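Fair warning: this is a prediction, and the values are worked out from it, not measured in the lab.
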Number of protein chains: 2
Amino acid sequence: MTRDAHEARSRTGRRSGDSGSKVAILAAARLQFAEYGYDGTTIRGIAAAAGVDPALVHHFYGTKERLFAAATELPIVPSEAINAALASREPGRSLGTHLAYSALALWERADMRGAFQAMLRSALTSEQAAATLRDFIAEAILGPVASAAAGADAGNAAYRASLVATQMLGLAVGRYVLRFGPVAQASKEELAVAIGPAIDRYLTGDLGQAGRGH
Amino acid sequence: MTRDAHEARSRTGRRSGDSGSKVAILAAARLQFAEYGYDGTTIRGIAAAAGVDPALVHHFYGTKERLFAAATELPIVPSEAINAALASREPGRSLGTHLAYSALALWERADMRGAFQAMLRSALTSEQAAATLRDFIAEAILGPVASAAAGADAGNAAYRASLVATQMLGLAVGRYVLRFGPVAQASKEELAVAIGPAIDRYLTGDLGQAGRGH
DNA sequence: GGATTAATTCAACATACGTAGAATTCACCG
DNA sequence: CGGTGAATTCTACGTATGTTGAATTAATCC
């Protein structure tokens, strides 16, 4: 009927070729969850960033929670990565320093950074995300700790691990979330040698005479 | 007109006596900001907890941002508290240990805990709150660091301070926000002696040969 | 090439939120 | 004891959110 313009350009319907929308949505979700946390991220915002209708997000990923789960799914198995890292330690470098460096390197891998930051930022508002982070930390840190402190102070392994976790966590929050100056700008190597010894002490050192020995 | 029940109980209007609503609202706000962060907290939720109409919250505190500012206003001046803490150090106790203990004690003061946790949890979703936290940390930590490392390594004061901040921050997040086991249950004294030496090292120790001297 | 399936958008619903304005009741000052 | 101001609630507006269902178009299979 030549209504309006003579080329009606149907807006709806499937597009020609491979649009890559599903991947684009997941990428946008990673970015936004990392930047704004779970609550601060909106499906509409993700859809807009991916150049797509909000309903399509639903079509692919169902609910927002499932999208979050997909976005924070790590491309590696933490314990394997840690073990691989431990195996590659150069002689002359302490365990703590190596651990700190490996963690920093891991966090900055392009395919990890988004998922990791999303998890970190969301853990602080969503109890569900917090539980996931707790498990992740337990898996990632308790292993090395147990192997390092085995025999020496096995009864305190969990305590030692949690101390290591505070330092690593503080580093991550300070560097990536709060981004305060020097720590955000320093190189991985610089931070590793600065923090490593503290971690070594948590792993195997003397934790004070407060009488926590079993 | 004896419509319905014979006692119409005007719901609106001022109540008799001192209701304490204003204080109740602020207390509820502190609790909820601490528990859910800025975005996760709703004015309606605060009003419900305070047993009050949402509009009353507005009447007293204006906008949500102003309520947040009121709720996170610390009852002390950080730098003064730190200075007071520094002055009370017993001989035989390291600066780092004393600092860690003082911070823990400060965080657990009833009148601080709410405001502090609200700030901490909100800083991770709201950039505005993050900026406030950065300033707070700078004020609270840079002072002691500067005085401790004065002369010895003055050029690196900011770097050293930020390292201290990562450890303190990680401790706070692990203990109060994520609440993972051992660190959440340990006593202040226990944590102080465990973490103190690490902080001492950040303050005045050797940070590695990565060549950051000016 | 017709039927089926997947991709895509539109329009809409049901909630929830922050906020504003008007109305009502009490306290207090003269 | 009359009037001014503060406290309190009700109703409502505008907007944003997660989610759903129907409609439309392209790809794919037989």
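Between Ser88(A) and His98(A), some side-chain heavy-atom pair lies under the 4.5 Å cut-off. Using a 4.5 Å cut-off on side-chain heavy atoms (C-beta onward), Ile195(A) and Tyr101(A) make no contact.
Listed by first and then second residue, the salt bridge (Lys or Arg N to Asp or Glu O under 4.0 Å) pairs that reach into residues 42-71 of chain A come to none, sequence neighbours excluded. Applying the salt bridge (Lys or Arg N to Asp or Glu O under 4.0 Å) test to pairs two or more places apart or on separate chains, none has a residue in residues 28-43 of chain A.
DNA chain C is contacted by Val52(A), Asp53(A), Ala55(A), Leu56(A), His59(A), Phe60(A) of residues 49-70 of chain A, taking any non-hydrogen atom closer than 4.0 Å. Listed in residue order, the members of residues 26-37 of chain A having a heavy atom less than 4.0 Å from DNA chain C come to none.
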All N/O pairs under 3.5 Å across the protein-nucleotides 1-3 of chain C interface:
none

Sort me out a list of protein N/O and nucleotides 26-30 of chain D N/O pairs below 3.5 Å, or just none if empty.
residue: dA26(D); atom: O4'; partner: Arg14(A); partner atom: O; Å: 3.4
residue: dA26(D); atom: O3'; partner: Arg15(A); partner atom: O; Å: 3.4
residue: dA27(D); atom: OP1; partner: Gly17(A); partner atom: N; Å: 2.6

Tabulated below should be each protein N or O lying under 3.5 Å from an N or O of nucleotides 13-16 of chain D; please produce it.
none

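Take Arg201(A) and apply the salt bridge (Lys or Arg N to Asp or Glu O under 4.0 Å) test, not counting sequence neighbours, and it matches no residue. Under the side-chain hydrogen bond (donor to acceptor under 3.5 Å, both in side chains) criterion, Ser94(A) pairs with Thr97(A), Asp200(A), not counting sequence neighbours. Among residues two or more places apart in sequence or in another chain, the side-chain hydrogen bond (donor to acceptor under 3.5 Å, both in side chains) test is passed with Tyr61(B) by none.
To the nearest 0.5 Å, atom CG of residue Leu191(A) and atom CG of residue Leu207(B) are 10.5 Å apart.
Proximity of a side-chain donor or acceptor of Ser122(A) to a complementary backbone N or O of Tyr38(A) within less than 3.5 Å is detected. Checking side-chain atoms of Arg121(B) against main-chain N and O of Phe33(B) turns up no donor-acceptor pair under 3.5 Å.
Considering every non-hydrogen atom in both Ala158(A) and Pro182(B), the closest pair reads O-CG, 3.6 Å.
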Show me, pair by pair, the donor-acceptor contacts under 3.5 angstrom made by side chains of residues 163-171 of chain A, not counting sequence neighbours?
residue: Thr166(A); atom: OG1; partner: Leu163(A); partner atom: O; Å: 2.6
residue: Thr166(A); atom: OG1; partner: Gln167(B); partner atom: NE2; Å: 3.1
residue: Gln167(A); atom: OE1; partner: Tyr202(B); partner atom: OH; Å: 2.8
residue: Gln167(A); atom: NE2; partner: Thr166(B); partner atom: OG1; Å: 3.2

Only distances under 3.5 Å count here; give the side-chain donor-acceptor pairs of residues 108-118 of chain B to other protein atoms, sequence neighbours excluded, each with its distance to 0.1 Å.
residue: Glu108(B); atom: OE2; partner: Arg175(B); partner atom: NE; Å: 3.3
residue: Glu108(B); atom: OE2; partner: Arg175(B); partner atom: NH2; Å: 2.8
residue: Glu108(B); atom: OE2; partner: Tyr176(B); partner atom: OH; Å: 2.9
residue: Arg109(B); atom: NE; partner: Asp111(B); partner atom: OD1; Å: 3.1
residue: Arg109(B); atom: NH2; partner: Asp111(B); partner atom: OD1; Å: 3.4
residue: Arg109(B); atom: NH2; partner: Asp111(B); partner atom: OD2; Å: 2.8

Query raised in the report: Can you list the steps and then say if Leu26(A) with Leu67(A) is a side-chain contact (heavy atoms from CB on, under 4.5 Å)?
Result: CA-CA 8 Å; Leu26(A) 194 64; Leu67(A) 211 207; 4.2 Å; yes

Query raised in the report: Can you list the steps and then say if Thr41(A) with Phe68(A) is a side-chain contact (heavy atoms from CB on, under 4.5 Å)?
Result: CA-CA 10 Å; Thr41(A) 297; Phe68(A) 180 73; over 6 Å; no

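Counting to the nearest Å, the P atom of dA14(C) and the CD1 atom of Ile43(A) are 20 Å from each other.
Between Ser19(A) and dA7(C) there is no side-chain N or O to OP1 or OP2 distance below 4.0 Å.
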